[in-house]
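This report concerns only the one structure given below.
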Amino acid sequence: QQSSALCMWSRDDEEIKGFSNRIKCCFPYLLPMLDGDMFGRYLYERIPPLGFLDDLLFAPLVEFYQNVPLLGIGFFMALTLGTRFN
């Protein structure tokens with residue numbers, strides 16, 4: 001059975017195998033999640049379990065992302081160049 005998932009660093013169409021390849025395929029979704037976390041504050045206040053999950057899972061990543069200068073541009077460039085020269 002062939003997988004329909006697309007991976008940035010995969011040059012062939014065979015099924016994505018292994019945990020590390022699946023983690024690499026999640027990286028493009030990380031940048032918008034880190035940038036848009038502040039827009040979910042209204043929901044996090046209204047739904048406390050969702051706010052707890054955000055504080056537990058994403059708050060350390062968002063804090064690191066916001067405290068390192070130019071990390072967003074570097075992350076974007078790495079994703080762009082990783083797909084362009086593949």
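Scope of the values below: all heavy atoms of this structure, side chains included, with no hydrogens, waters or symmetry mates. In this text the structure is predicted, and so the values were computed from the model without any measurement.
Within the structure, side-chain hydrogen bond (donor to acceptor under 3.5 Å, both in side chains) pairs that include any residue of residues 25-40 comprise D35-Y65, D37-R41, D37-Y44 (at least two apart or interchain).
Cluster annotation: L31 is connected to F64 through the hydrophobic network of ILVMFWY side chains, with a link wherever side-chain heavy atoms come within less than 4.5 Å. No continuous path of hydrophobic side-chain contacts links M33 to L50 [ILVMFWY only; heavy atoms under 4.5 Å]. Grouping the Ile, Leu, Val, Met, Phe, Trp and Tyr side chains by contacts below 4.5 angstrom, directly or via other members, places V62 apart from Y42. Placement of L79 and V68 within a single hydrophobic cluster is found when ILVMFWY residues are connected by side-chain heavy-atom separations under 4.5 Å, directly or transitively.
In this structure, P69 and L71 have side chains that are not in contact, with every pair of non-hydrogen atoms separated by 4.5 Å or more.
Residues passing the side-chain contact (heavy atoms from CB on, under 4.5 Å) test with L57, sequence neighbours excluded: none.
The hydrophobic cluster around M38 extends to F39, counting ILVMFWY residues whose side-chain heavy atoms fall within less than 4.5 Å of a member. Connectivity analysis of hydrophobic side chains (ILVMFWY, heavy atoms under 4.5 Å, direct or indirect) links L53 to nothing; its cluster partners are none.
Considering all non-hydrogen atoms of both residues, F75 and F27 come closest at CZ-O, 3.6 Å. Nearest approach of D55 to P60, heavy atoms of both residues: O-CD, 3.8 Å.
Separating the CG atom in L30 from the CZ atom in F58 is a distance of 8.0 Å, to the nearest 0.5 Å. For the atom pair D54 CG and L61 CG, the distance stands at 10.0 Å (nearest 0.5 Å).
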